Structures are given as structure tokens and as C-alpha cells.
2 protein chains.
Amino acid sequence: MEEQQVGSLHFQIDFSQPLYEQILDQARSAIAKGEIALGDKMPSVRELAQELRMNPNTVMRAYQELERDGLTEKRRGQGTYVTSSPEHVASFRTALAARYIDSFMEQMESLGFAWEDIEKYIHQKKDTPLGGNGL
Amino acid sequence: MEEQQVGSLHFQIDFSQPLYEQILDQARSAIAKGEIALGDKMPSVRELAQELRMNPNTVMRAYQELERDGLTEKRRGQGTYVTSSPEHVASFRTALAARYIDSFMEQMESLGFAWEDIEKYIHQKKDTPLGGNGL
DNA sequence: CTAAGTGTATTATATCACTTAATACACCTA
DNA sequence: TAGGTGTATTAAGTGATATAATACACTTAG
């Protein structure tokens, strides 16, 4: 469980998932939550690689995906910057949330839970950490 | 996208995930939903491997996890059987659902969504396939 | 112009998870 | 005894992941 602060970004790396995926997820999260401001400069590929003690190619892979997501823009010779478009961030956020929801619903339905069961579950969860049975 | 019916079990195998994981998920689902009855005999390791055209070791791996889940019982020389205990199935179902929910909530919170946002999302989703924005 | 810092590309290598293959053993039942 | 069970072992191949070393094109600061 590695903890690292790089500029305004915070990373927590372990070996449960591919490294590039963890960078990707945590950078996405930071941008979506506004922990790093629109238009801000991201750490350079080499700097982040050095701080996280991994290969530049691994960081590159995460950064390329961030750009495909529309969350960052790259300027040759200058660096990688968080997009200045709030719309890009917003649309990415809702799109990813929709994916998460769909995937989650599939999982729950594969266990025989219906929409109403899930709603109840989620509603209960606010108070009690776990309980109920459903179906 | 491979479709296979083996006894009362239905399998749909592709290459997006490890094969043993797909067998595991779909067998879990069938048991949790009661598509295969309590106490019923599962296909033998060799039979399922032949039907799905994969290695017996791969099927074995899925079957071993099913037993650890408490969903099946193995009888040496006889075969693999769905547990006769409704309680085992029920407790597995709620435990797995809880894991799904926790994981889902973590994902959503990483995007900056709060409990209420998710509730709204889920509630809306019943009518409209997608929409809203939140935060 | 030069030097240093950017993103990017290439080639080679290593490791690990997953999968297959072949074979053998212990157990149960008809 | 024969054939079907689960199980274990050993070997091999493939692909994703990650590292290492190196080179190139671009931009900016000096």
C-alpha cells in the first residue's frame, strides 16, 4: 500500500490491479471531483514515473487513456494539462457513472434481485451497514 | 459469443474474461436464481469441459470456488451437487450482493457522487434509460 | 543557438495469470 | 471389474503487464 503525493494529485498504489489502471482511475477521480483544477498542469510523464517508482511507459499508457477520455490535453514540448472544459468533465463523469450503474445492475440481476430490491437495499444502507435479505 | 446448454445449466462464454470466472459467475447465478434446483447434480468436470470445449482443469478451478462459496458439495466418486441448504444459498447471495454494492458505491464516490445522487439515479433509471447530471 | 524539459516510439526482456495437454491416482457404484 | 467421479502433477504455450535502454520531435528558457 504505497502512498504518494505528486503536486495536487494523490496516489495510492498496490499490486491488486495493473499499475496503469490505478493511475488512470485515481487521476480520473481527482479530475472528476475537482481535486485538481481545470486547466492545471499534470505531472510530466517522467516526473510521475519517478515519484511512483515505475516505468515512464506505464505512466504513458494511463495518460493516453486520460486524453481519450477527454479529461486531459497534451501539448508537445510543454506537458499534459487538465481540460479547461467543464462540459468534457461533466459528460465523462455521467458516462462513466452510467457504465458503473449498468454493470452493477447486471451483477445484481444475475443474483435475482429486481429494481425494487436494490432501491430498498441502497435506501437501508444509509442507516444500517448491512441487513435485509430480499426476494 | 458461445452459447451452450448443459443439463439445466446455460452458459454463454466469450474471451472478455477468464474462462473459469465466466463458468463461476454463471453457475453462481443459476444456483442463486434457482434455475438449478437444490440438491441437483451438476455436470461432471469432464462432461462440462467437453461441452464447453475447454480443459478439465479450467472447469475444476471454477468448481472448487463454487464449493468454497458453499454453493456445491462434492462426493468423491459420485460427482458435484448443488447444496441442499437454502440457508447457504441465501447467505451467499446476500454476501455477494453486499460486495457488489460496496464496490459500486466506492466507484460512484470516486466520481464525487453522494448517496442521494445515486438513489436519484437509480430511481430515474426505472423510466428513462439514462439522464440527469447530478452535482 | 543551446540546453533542458516535454510527449512519443521502438526494441528487447522478464514475469505472471490463464489455459491446454497428458497422465496418474483414489474413490464410488453398477 | 469396469467405468464414471473428483483430484493432483508436470510441462508447455500465450498474452497482458511492466521494465529497461534508447532515440526522436517539439517547446521554452537562457
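In this text the structure is predicted, and so the values were computed from the model without any measurement. Proteins get letters first, then strands, A, B, ... in listed order; numbering begins at 1 in each.
- The shortest distance between the side-chain N/O atoms of A:Arg61 and the OP1/OP2 oxygens of D:dA18 is not below 4.0 Å.
- Donor-acceptor pairing under 3.5 Å, judged by distance alone, is absent between the side chain of A:Asn57 and the base of D:dA18.
- Atom CD of A:Glu73 is separated from atom P of C:dT8 by 13 Å (rounded to the nearest Å).
- We find that CD of A:Gln78 is positioned 14 Å from C1' of D:dA25, with the value rounded to whole Å.
- Within the cation-pi definition used here (under 6.0 Å to the ring centroid, within 45° of the axis), A:Arg28 does not qualify as a partner of A:Phe92.
- At least one donor-acceptor pair closer than 3.5 Å links the side chain of A:Gln22 to the backbone N or O of A:Asp14.
- The base of C:dA21 sits with one of its N or O atoms less than 3.5 Å from a complementary donor or acceptor on the side chain of B:Asn55.
- Distance B:Glu65 CD to D:dG6 P: 17 Å, rounded to the nearest Å.
- Between A:Tyr63 and C:dG7, a side-chain N or O to OP1/OP2 separation shorter than 4.0 Å is absent.
- Between C:dC18, D:dC26, D:dA18, one nucleotide has an atom nearer to the side chain of B:Pro18 than all others, and that is C:dC18.
- Between B:Leu19 atom CG and D:dG13 atom P there is a gap of 20 Å when expressed in whole angstrom units.
- Note: CE (A:Met60) to C1' (D:dT19) measures 15 Å, nearest angstrom.
- Within the 4.0 Å cut-off from OP1 or OP2 of D:dG6, at least one side-chain nitrogen or oxygen of B:Thr80 is found.
- For the segment residues 40-51 of chain A, the set of residues with a heavy atom within less than 4.0 Å of an atom of DNA chain C comprises A:Ser44, A:Val45, A:Arg46, in numerical order.
- Phosphate proximity of D:dT7 to B:Lys74: present, with a side-chain N or O under 4.0 Å from OP1 or OP2.
- Remark: C1' of D:dG6 and CD of B:Gln64 are 9 Å apart, rounded to the nearest angstrom.
- Looking at B:Arg93, its side chain does come within 3.5 Å of a backbone N or O of A:Leu111 through a donor-acceptor pair.
- Put simply, the side chain of A:Gln26 gets close to the backbone of A:Gln12: a donor and an acceptor are under 3.5 Å apart.
- We find that CD of A:Glu67 is positioned 17 Å from P of C:dT6, with the value rounded to whole Å.
- Between the B:Asp117 side chain and the B:Ala114 main chain, a donor and an acceptor come within less than 3.5 Å of each other.
- Atom OG1 of B:Thr83 and atom CG of B:Leu66 lie 11.5 Å apart (nearest 0.5 Å).
- Contact annotation: B:Thr58 reaches the phosphate of C:dT20 (side-chain N/O to OP1 or OP2, under 4.0 Å).
- Listed pair B:Gln22 / C:dT19 fails the phosphate criterion, with no side-chain N or O lying under 4.0 Å from OP1 or OP2.
- Remark: P of C:dA21 and CZ of B:Arg53 are 13 Å apart, rounded to the nearest angstrom.
- For B:Glu67 (side chain) and B:Leu71 (main-chain N/O), no donor-acceptor pair under 3.5 Å exists by modelled atom type.
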